[in-house]
Enquirer: 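Below are the structure tokens for one structure; questions will follow.
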Amino acid sequence: MNPKRTNNIATGVIYGLVGIVVLILLFLIGYILFNGVPHISWQLLSSPAQAFSAGGGIRDQLFNSLYLLVLTLIISFPIALGSGIYLAEYAADNWFTHLIRTTIEVLSSLPSVVVGLFGYLFLVIQLNLSFSILSGAIALTFFNLPLLTRSIEESLNSVSDLQKQAGMSLGLSDWRTITRIILPVALPGILTGVILSAGRVFGEAAALIYTAGQSAPSVDYGNWNIFDPASFLNPMRPAETLAVHIWKVNTESVTPDAHLISSASSAVLIIVILVFNLGARFIGNWLYKKMTATR
Amino acid sequence: MKTYNLEEKSIVTIEDEIEISSDNLQVFYGDSHAIFDATLKFPKNQITSLIGASGSGKSTYLRSLNRMNDKIARVEGKIMYQGTDINSIKVNVYEVRKQIGMVFQMPNPFAKSIRENILFGLKSNGIKDKEVLDERLETSLKEAALWDEVKDELDKSALSLSGGQAQRLCIARSIAMHPNILLLDEPASALDPISTSKIEDTLTELKKKYTIIIVTHNMSQATRISNYTAFFHLGHVVEYDKTSKIFMNPTMPATADYIAGAFG
Amino acid sequence: MKEIQNKLLQKSKATREDHFGKAICYLCIGFIIALVACILYFITSRGIATFTKDHVNLWGFLTGVNWNPGALDANGNPEVGALPMIVTSFSVTILAAIVATPFALGMAIFMSEIAGKKGTKFLQPVIELLVGIPSVVYGFIGLSVIVPLIRKTFGGTGFGILAGTIVLFVMILPTITSLSVDSLKAVPISYRQASLALGANRWQTIYKVILRTAAPGILTAIIFGMARAFGEALAVQMVIGNALLMPKGLVSPASTLTSKLTTDVGNTVMGTLPNNALWSLALILLFMSLFFNLIVRFIGKKGSIKK
Ligand SMILES: Nc1ncnc2c1ncn2[C@@H]1O[C@H](COP(=O)(O)OP(=O)(O)O)[C@@H](O)[C@H]1O
Ligand SMILES: [Mg+2]
């Protein structure tokens with residue numbers, strides 16, 4: 001075959017492959033939105049789930065997902081920030097740094113089900129935290145740490161060295177230079193990373209089924225005493241999230257309207273994640289513009 | 001490039017009061033030896049230029065003087081300042097850098113307002129008195145000849161300044177810390193001629209209060225502003241003398257060739 | 001002078017700040033290291049209990065085809081044969097990688113060689129969206145679209161390796177694509193220019209020069225994709241059928257290591273053999289994850305020596 005023909009065929013094949021992938025994505029998003037969005041109603045979002053009868057809602061699951069997300073970020077952000085700062089600013093090129101990087105890579109490549117099982121062994125059983133939001137949040141922290149650390153490290157590294165030199169040359173401590181000069185400049189990137197990781201955390205289920213548990217006991221949304229077992233803020237209660245709920249209604253097949261609930265829940269999940277993704281871009285750009293703006 | 005006998009050097013003895021000196025300073029980047037036996041004394045309240053071809057070690061030497069090379073290179077030998085060897089690990093590097101300020105080739109203002117650029121270092125050192133801060137802000141900007149241009153927009157982002165203004169802001173930021181010595185690494189090389197001459201005027205004015213050491217690529221700049229000049233070649237200090245002597249009647253052949261434009 | 005000397009020799013606020021900052025950072029880093037050490041220790045110690053405490057034969061465990069840890073086989077040994085799950089896990093992983101690789105390469109070549117900035121701008125969100133869809137949603141769509149489709153086409157239940165492969169292929173596509181794009185983009189422009197200058201056309205350049213140069217990176221991308229497929233739990237669990245049988249074909253129900261773990265860990269009692277045996281499955285997962293890591297490192301080393 002002549003080279004020109006091969007070139008044309010190859011180009012055609014590549015266009016075809018790309019086209020198929022785009023179609024797959026359109027199908028996925030379309031399927032979820034078309035099947036799910038019509039069922040999203042205030043009724044669905046505001047009523048509790050029903051295990052054995054149709055007409056249940058996802059109120060508690062949705063709240064649990066959000067609450068778990070917030071707790072996870074509260075726990076994982078400071079640790080990831082400290083680690084990210086270490087890697088970006090303090091780490092020398094030696095065996096210890098190498099060990100740390102390897103460790104983080106290992107952690108990030110662990111399947112989330114393994115992280116979840118470890119959470120079950122260590123948090124639920126060993127530390128006796130039982131199936132609870134707290135266990136779930138800590139397990140999700142394990143799952144979230146490596147990526148968040150890396151994105152923070154990258155954001156810090158993208159800040160020009162000149163800024164650090166400026167701080168050093170004034171006799172400021174490295175810590176002050178990092179936290180007060182470099183960190184603010186890196187903030188848009190860090191925030192983008194945090195929001196993207198929030199999307200991942202929000203959709204995660206495998207790490208949660210044996211840590212946050214698979215049940216959503218009804219809670220009192222007016223009870224603000226976090227130590228009260230009936231309070232919606234109590235971190236020691238089991239908490240099925242939206243993603244876990246989708247898995248559960250589909251695998252147990254006892255809920256009559258499982259397909260409806262899953263479609264609607266999937267749509268909610270996807271919409272929230274889309275909002276996170278768009279929000280990450282938007283807020284990152286906006287903050288960046290605002291900070292470098294010539295006011 | 002010709003090869004010269006780098007063991008031979010011509011170093012002038014300085015009669016004036018000495019502010020800082022280096023004694024057999026050696027700098028290594030890993031295994032590569034960047035500065036050999038640099039022994040130099042810098043007179044107080046005067047401007048000393050460091051000249052030499054690019055890669056000859058001027059920046060390396062300068063950065064060693066206020067310990068900016070701490071995590072980058074290995075620096076051996078003594079740096080004497082105020083009767084103390086400030087190259088010793090026992091010395092508080094933050095204090096060293098506070099007393100020996102530095103301005104870099106690329107202007108590097110903080111991504112903060114003009115005001116905060118000057119005041120951040122001071123506040124970090126626990127100065128809280130508003131009057132003191134305002135006074136320092138005004139005097140340092142005046143000393144750096146920037147005050148008139150920015151006094152009405154102190155809360156504007158420093159990133160909005162032109163290159164020349166930004167560099168003068170960096171000078172102001174350094175002198176606001178009340179250092180004794182100011183190190184400048186080719187501070188005007190990225191700037192236009194007008195900004196350059198403003199900075200030169202500023203430095204000439206500043207030497208009344210500070211001891212200034214400036215790396216420059218620009219020989220006419222060295223002749224215009226400096227009292228002494230050191231010529232670096234391949235990591236060696238080849239010649240050190242009064243600026244007029246170096247440029248009119250250099251002792252060493254390498255210096256003569258460099259000044260004649262034979263290399264560099 | 002004395003005063004300045006003292007200042008130079010005394011510790012200052014900045015010194016303390018730095019000690020404080022470093023301490024915090026070390027604490028965070030220490031936490032991560034301790035965490036990983038704990039994960040390795042806990043899963044390993046649980047996972048080997050099957051062999052040390054319950055005296056199950058390791059070889060029998062890896063090659064046995066019957067899984068029924070509550071019962072004893074003809075020889076009086078517990079029936080813990082993990083082979084069906086191991087085979088299924090590897091099958092879906094390898095098949096998904098085989099299907100995904102051409103698509104991923106097509107996407108990557110399109111983004112880095114053909115479409116220019118505009119095409120990249122268009123496909124980047126496609127990749128990000130595919131990454132962003134949670135695994136349960138993939139599982140749900142697999143269950144409600146792919147499984148019925150297979151059932152109609154091939155008969156049977158529709159559950160099985162084929163359904164698992166289809167779901168996983170889409171899930172690992174973005175991983176392989178974005179890593180491949182990185183490695184294609186890392187090929188120096190000069191290589192392209194040299195090849196085009198020699199009269200090669202675009203495809204010849206891509207095929208003979210760029211893909212060859214980027215091969216280690218692409219291989220790494222595929223391994224990462226496989227690691228993701230091997231460890232994926234819920235999406236696979238929802239479409240694989242969860243039957244503890246040696247897979248007879250692509251459309252018969254089966255179980256992967258991960259699907260078995262997700263369904264059973266909650267149904268067994270800690271410390272008993274049925275439970276320990278599950279932890280041994282988790283240990284296999286852990287091992288494989290470390291193994292994929294090791295291969296990636298190995299390729300990385302080899303690839304970098306060549307340059
Ligand atoms: N951070 C560094 N790491 C390794 N080598 C360096 C570094 N900085 C400078 N060098 C080397 O040290 C020598 C002197 O460089 P430098 O001090 O920057 O020269 P100059 O300022 O006179 O142009 C050069 O050979 C340069 O390559
Ligand atoms: Mg230089």
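Note on naming: letters A, B, ... go to the chains in the order of the sequence lines (proteins, then strands), and numbering restarts at 1 for each one.
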Enquirer: What part of Phe27(A) lies closer than 4.5 angstrom to a heavy atom of chain C: side chain, backbone, both or neither?
Expert: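 The answer is the side chain of Phe27(A).
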
Enquirer: Could you tell me the separation between the CG atom of Asn277(A) and the CG atom of Leu129(C), rounded to the nearest 0.5 Å?
Expert: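 Here the interatomic distance stands at 6.5 Å.
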
Enquirer: State the CG-CG distance between Leu234(C) and Asn250(A), to the nearest 0.5 angstrom.
Expert: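 Those atoms lie 11.0 Å apart.
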
Enquirer: If you tally heavy-atom pairs under 4.5 Å against chain A, which of Val36(C), Val265(C), Asn293(C) wins?
Expert: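 Of the candidates given, the most pairs with chain A belong to Val265(C).
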
Enquirer: Between Ser263(A) and chain C, which part of the residue has a heavy atom less than 4.5 Å away: side chain, backbone, both or neither?
Expert: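 Answer is both: backbone and side chain atoms of Ser263(A) are under 4.5 Å from chain C.
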
Enquirer: So what's closer than 4.5 Å to chain C heavy atoms on Phe142(A): side chain, backbone, both or neither?
Expert: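 Phe142(A) touches chain C through backbone and side-chain heavy atoms alike.
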
Enquirer: Just so I understand: if I count every heavy-atom pair under 4.5 Å between each of Gly21(C), Ser12(C), Gly231(C) and chain A, which residue has the most?
Expert: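 Top option by heavy-atom pairs under 4.5 Å: Gly21(C).
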
Enquirer: Flag the one option from Ile114(C), Ile24(C), Leu278(C), Val131(C) with the top tally of heavy-atom pairs under 4.5 Å to chain A.
Expert: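 It is Ile114(C).
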
Enquirer: Look up atom OG in Ser289(C) and atom CG in Leu110(A), then write down how far apart they are to the nearest 0.5 Å.
Expert: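 Here the interatomic distance stands at 4.5 Å.
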
Enquirer: Do Arg46(C) and Leu117(A) make a side-chain contact, defined as non-hydrogen atoms from C-beta onward lying under 4.5 Å apart?
Expert: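 Not touching, per the 4.5 Å side-chain cut-off.
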
Enquirer: Is Pro146(A) in contact with chain C via its backbone, its side chain, both, or neither, using a 4.5 Å heavy-atom distance?
Expert: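 Contact with chain C involves no heavy atom of Pro146(A) at all.
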
Enquirer: Count the heavy-atom pairs under 4.5 Å between each of Leu286(C), Val145(C), Leu105(C), Leu123(C) and chain A, then report the option with the highest count.
Expert: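 Heavy-atom pairs under 4.5 Å are most numerous for Val145(C).
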
Enquirer: What distance do Ile39(C) atom CD1 and Leu107(A) atom CG have between them, rounded to the nearest 0.5 Å?
Expert: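 So the gap between those two atoms works out to 5.5 Å.
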
Enquirer: Drop me the distance from Glu113(C)'s CD to Ile14(A)'s CD1, to the nearest 0.5 angstrom.
Expert: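 It is 9.0 Å, given to the nearest 0.5 Å.
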
Enquirer: Looking at chain C, which one of Ile79(A), Val113(A), Ile20(A) has the largest number of heavy-atom pairs inside 4.5 Å, strictly under?
Expert: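 Among Ile79(A), Val113(A), Ile20(A), the one with the most close pairs to chain C is Ile79(A).
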
Enquirer: Give a yes or no answer on whether the side chain of Asp18(C) reaches the backbone of Trp175(A) with a donor-acceptor pair at less than 3.5 Å.
Expert: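 Side chain of Asp18(C) to backbone of Trp175(A), a donor-acceptor pair under 3.5 Å: yes, one is there.
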
Enquirer: Pick one of side chain, backbone, both or neither for Phe131(A), based on which atoms fall under 4.5 Å of a heavy atom in chain C.
Expert: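 It is neither, since no heavy atom gets under 4.5 Å.
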
Enquirer: Can you say whether the rings of Phe42(C) and Phe118(A) are parallel (under 30°), tilted (30 to 60°) or perpendicular (over 60°)?
Expert: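 Taking Phe118(A) first and then Phe42(C), their aromatic rings stand perpendicular (interplane angle over 60°).
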
Enquirer: Is the backbone N or O of Thr262(C) less than 3.5 Å from a side-chain atom of Tyr210(A), with the two atoms forming a donor-acceptor pair by type?
Expert: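 Between the backbone of Thr262(C) and the side chain of Tyr210(A) there is a qualifying donor-acceptor contact (under 3.5 Å).
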
Enquirer: Please determine whether salt bridge (charged side-chain N to carboxylate O under 4.0 Å, His left out) holds for the pair Glu128(C) and Arg281(A), giving the CA-CA distance in whole Å, both sets of side-chain angles, and the decisive distance to 0.1 Å.
Expert: CA-CA 12 Å; Glu128(C) 279 166 22; Arg281(A) 266 166 215 260; 2.5 Å; yes

Enquirer: Under a 4.5 Å heavy-atom cut-off, does chain C meet the side chain of Leu274(A), its backbone, both or neither?
Expert: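 Leu274(A) touches chain C through side-chain heavy atoms alone.
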
Enquirer: Could you tell me whether the side chain of Asn7(A) and the main chain of Asn201(C) form a donor-acceptor pair under 3.5 Å?
Expert: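 Not at all, since once roles are kept as given, no pair shorter than 3.5 Å links the two residues.
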
Enquirer: Is Leu269(A) in contact with chain C via its backbone, its side chain, both, or neither, using a 4.5 Å heavy-atom distance?
Expert: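 Leu269(A) touches chain C through side-chain heavy atoms alone.
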
Enquirer: Of all of Ile24(A), Ile246(A), Val21(A), Ile273(A), which one pairs up most often with chain C through heavy atoms under 4.5 Å apart?
Expert: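 Most pairs with chain C among the choices: Val21(A).
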
Enquirer: Would you mind checking which part of Phe276(A) comes under 4.5 Å of any heavy atom in chain C, side chain (CB onward), backbone (N, CA, C, O), both or neither?
Expert: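 Contact with chain C is absent: no heavy atom of Phe276(A) under 4.5 Å.
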
